[in-house]
K.L.:
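Provided herewith is a single structure, encoded as structure tokens, for subsequent inquiry.
Indexing begins at 1, ligand by ligand and atom by atom, following the structure's order.
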Amino acid sequence: MIEKIFSVPKLEYMQCERRSNLLLVTLDRAAKRNALDRQFIEELFELFSAVEGSDVRAVVVTANGDHFCAGLDLVEHHREDRSATDFMHICRRWHAAFERIQHCGVPVIGALKGAVVGGGLELASSFHIRVADPTTYFALPEGQRGIFTGGGATVRVARMVGEARMMDMMLTGRVYTGEEAVSVGLCQYLVPTDQCLAKAIGIAEKAAENPPLSNFAITSGIGHIGNMPSTDAFFAEAFIAGITNTQPASKERLEAFANKSAPKTLLVPQE
Ligand code: 1HE
């Protein structure tokens with residue numbers, strides 16, 4: 001399956017590196033602050049389509065340059081003088097690409113820095129865990145640019161921070177950084193600048209130790225179940241648990257627990 005990852009057509013805007021069962025993806029359009037143009041979105045779609053069903057067990061996404069992602073390529077958007085229909089179809093591609101990321105079946109961990117703004121936050125919100133450093137700042141400058149989110153923020157960011165907070169971000173350009181960003185749910189970890197990537201890799205390595213089916217259930221199931229009315233959600237949860245909690249890997253681990261041979265350190269306090 002490793003070939004599947006590398007059969008992705010050559011990517012211009014991302015570098016990919018296999019590190020054992022992890023895939024390290026580096027956004028590589030630093031000269032444009034990793035702004036997302038049409039091609040970038042197509043490359044994200046291709047790459048994460050290839051991850052699903054491969055032997056990659058977790059993905060870490062980081063970026064070259066000082067900024068994780070400055071969002072929609074505003075210059076391309078302006079230059080193309082797009083019609084409403086054009087942009088609607090562009091948004092559909094963004095949605096498709098970020099759905100591929102969210103539902104690629106394995107944990108995707110972001111190592112963030114600098115600007116994570118507009119569409120950059122939409123991209124980061126499709127990851128399962130976000131690690132920030134003191135340079136990282138989150139914002140939705142759409143209101144000030146006279147535009148609106150189009151890459152899924154109304155769903156993912158609203159879920160992360162709540163509707164009122166998202167509206168405040170969009171109406172006023174409010175920026176979140178540091179511990180405040182952690183406390184409102186924009187990121188889960190805040191680490192010193194030089195430790196962000198290492199922390200994200202550490203999280204990915206840890207998560208990759210879980211049985212793949214459990215990680216698939218966690219990374220896709222929770223999001224899907226969140227879209228359902230509670231009666232359907234309970235049904236789906238029972239169904240997923242029925243399959244996941246009786247898989248061979250689960251039986252082995254539970255047998256180890258029953259035999260008292262399982263490691264005691266499964267539940268680790270946050271460093
Ligand atoms: C860009 C973009 C971009 C930089 N599209 N080219 N996003 C924003 O509103 C954020 C726009 N960007 C910025 O505010 C700043 O670039 C940063 C604060 C992120 C970084 O500042 P700085 O001083 O390091 O860089 P810079 O000088 O502003 O930009 C360097 C180059 O990157 C420059 O190109 P150059 O050819 O003149 O060198 C910029 O034009 C280019 N660049 N950001 C295109 N975003 C699906 S809807 C989603 C809606 C949104 O995403 S709204 C948020 C848009």
K.L.:
Would you compute the distance between atom CG of L213 and atom CD1 of I218 and round it to the nearest 0.5 angstrom?
P.N.:
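With rounding to 0.5 Å, CG (L213) is 9.5 Å from CD1 (I218).
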K.L.:
Any donor and acceptor pair, going by atom type alone, linking the side chain of H128 with main-chain N or O of Q102 inside 3.5 Å?
P.N.:
yes
K.L.:
Does an N or O from F148, backbone or side chain, lie closer than 3.5 Å to an N or O of ligand 1?
P.N.:
no
K.L.:
Any idea which atoms of ligand 1 are less than 4.0 Å away from a heavy-atom of P141?
P.N.:
9 (O), 53 (C)
K.L.:
Salt bridge or not between E180 and R174? Use side-chain N to carboxylate O under 4.0 Å.
P.N.:
yes
K.L.:
So is there a nitrogen or oxygen of F87 less than 3.5 Å from a nitrogen or oxygen in ligand 1?
P.N.:
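No - when backbone and side-chain N and O of F87 are compared with those of ligand 1, no distance drops under 3.5 Å.
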K.L.:
What protein heavy atom sits nearest atom 2 (C) of ligand 1, and how far off is it?
P.N.:
A35 CB, 3.9 Å
K.L.:
On a heavy-atom basis, I'd like to know which of A70, G152, A30 is closest to atom 7 (N) of ligand 1.
P.N.:
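Answer by nearest heavy atom: A70.
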K.L.:
I need the atoms of ligand 1 closer than 4.0 Å to a non-hydrogen atom of I147, numbered in the order shown.
P.N.:
49 (C), 52 (S)
K.L.:
For atom 6 (N) of ligand 1, what's the nearest protein heavy atom and its distance?
P.N.:
V75 CG2, 3.9 Å
K.L.:
Determine if the distance from atom 39 (C) of ligand 1 to the closest protein heavy atom is below 4.0 Å.
P.N.:
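Given the 4.0 Å cut-off, atom 39 (C) of ligand 1 does not count as touching protein heavy atoms.
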K.L.:
As a check for students: among G71, A31, A153, A115, identify the option with a heavy atom nearest to atom 19 (C) of ligand 1.
P.N.:
A115
K.L.:
When you measure from atom 23 (O) of ligand 1 to the protein, is at least one non-hydrogen atom found at a distance under 4.0 Å?
P.N.:
no
K.L.:
Distance under 4.0 Å to a non-hydrogen atom of E122: what atoms of ligand 1 satisfy this?
P.N.:
46 (C), 48 (C)
K.L.:
When the ring planes of F40 and Y13 are compared, do they come out parallel, tilted or perpendicular, using 30° and 60° as the limits?
P.N.:
tilted
K.L.:
Measure from the side-chain N and O atoms of E237 to the backbone N and O of I225, and report whether any donor-acceptor pair falls under 3.5 Å.
P.N.:
no
K.L.:
Within the protein, is there a heavy atom lying under 4.0 Å from atom 15 (C) of ligand 1?
P.N.:
no
K.L.:
Can you check which of R33, R145, M170 brings a heavy atom nearest to atom 11 (C) of ligand 1?
P.N.:
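Residue with the shortest heavy-atom distance to the ligand atom: R145.
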K.L.:
In terms of residue, atom name and distance, what is the protein heavy atom nearest to atom 45 (N) of ligand 1?
P.N.:
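Nearest protein contact, heavy atoms only, for atom 45 (N) of ligand 1 is L72 O, 2.9 Å.
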K.L.:
Are any of the side-chain heavy atoms of L23 and C16 separated by less than 4.5 Å?
P.N.:
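L23 vs C16: side chains touch.
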K.L.:
Testing the 3.5 Å rule here: is there a donor-acceptor pair between the side chains of T26 and D28?
P.N.:
no
K.L.:
Do H78 and V75 make a side-chain contact, defined as non-hydrogen atoms from C-beta onward lying under 4.5 Å apart?
P.N.:
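No - every pair of side-chain heavy atoms lies 4.5 Å or more apart.
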K.L.:
Within ligand 1, which atoms have a heavy atom of G150 less than 4.0 Å away?
P.N.:
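Contacts of ligand 1 toward G150, numbered from 1: 46 (C), 47 (S).
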K.L.:
In a check of side-chain contact (heavy atoms from CB on, under 4.5 Å) between F68 and each of V117, N34, V61, which one passes?
P.N.:
V61
K.L.:
Please list the nearest protein heavy atom to atom 5 (N) of ligand 1 with its residue and the distance rounded to 0.1 Å.
P.N.:
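Its nearest protein heavy-atom neighbour is L74 N, 2.9 Å.
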K.L.:
Does a side-chain N-to-carboxylate-O contact under 4.0 Å join D73 and R29?
P.N.:
yes
K.L.:
Would you call E99-R92 a salt bridge at under 4.0 Å N-O?
P.N.:
no
K.L.:
For residues N215 and T219, is any side-chain donor paired with an opposing acceptor at under 3.5 Å?
P.N.:
no
K.L.:
Compare all side-chain heavy atoms of Y176 with those of R165 and state whether any distance is below 4.5 angstrom.
P.N.:
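With C-beta onward as the side chain, the pair touches.
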K.L.:
Verify, without hydrogens or angle tests, whether K113 (side chain) and G65 (backbone) share a donor-acceptor contact under 3.5 angstrom.
P.N.:
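Confirmed, K113 side chain pairs with G65 backbone.
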K.L.:
Counting each atom of ligand 1 from 1 as listed, which ones have a heavy atom of Y137 under 4.0 Å away?
P.N.:
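Heavy-atom distances to Y137 below 4.0 Å select 18 (C).
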K.L.:
Give me the residue, atom name and distance of the protein heavy atom closest to atom 49 (C) of ligand 1.
P.N.:
E142 OE2, 3.3 Å
K.L.:
For atom 20 (C) of ligand 1, what is the nearest protein heavy atom, given as residue, atom name and distance?
P.N.:
H67 NE2, 3.6 Å
K.L.:
Do R156 and E122 sit within salt-bridge range, that is, some charged N less than 4.0 Å from a carboxylate O?
P.N.:
no
K.L.:
Return the residue, atom name and 0.1 Å-rounded distance of the protein heavy atom closest to atom 44 (C) of ligand 1.
P.N.:
D73 OD1, 3.3 Å
K.L.:
For ligand 1, which atoms, with element, lie under 4.0 Å from some heavy atom of W94?
P.N.:
46 (C)
K.L.:
Nearest protein heavy atom to atom 28 (O) of ligand 1: under 4.0 Å?
P.N.:
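Within 4.0 Å: no protein heavy atom nearby.
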K.L.:
Distance under 4.0 Å to a non-hydrogen atom of G118: what atoms of ligand 1 satisfy this?
P.N.:
50 (C), 51 (O), 53 (C)
K.L.:
Going by the order shown, which atoms of ligand 1 are within less than 4.0 Å of some heavy atom of G151?
P.N.:
46 (C)
K.L.:
Closest non-hydrogen protein atom to atom 37 (O) of ligand 1, residue and atom name please, with distance?
P.N.:
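Ranked first by proximity to atom 37 (O) of ligand 1 is K32 NZ, 4.6 Å.
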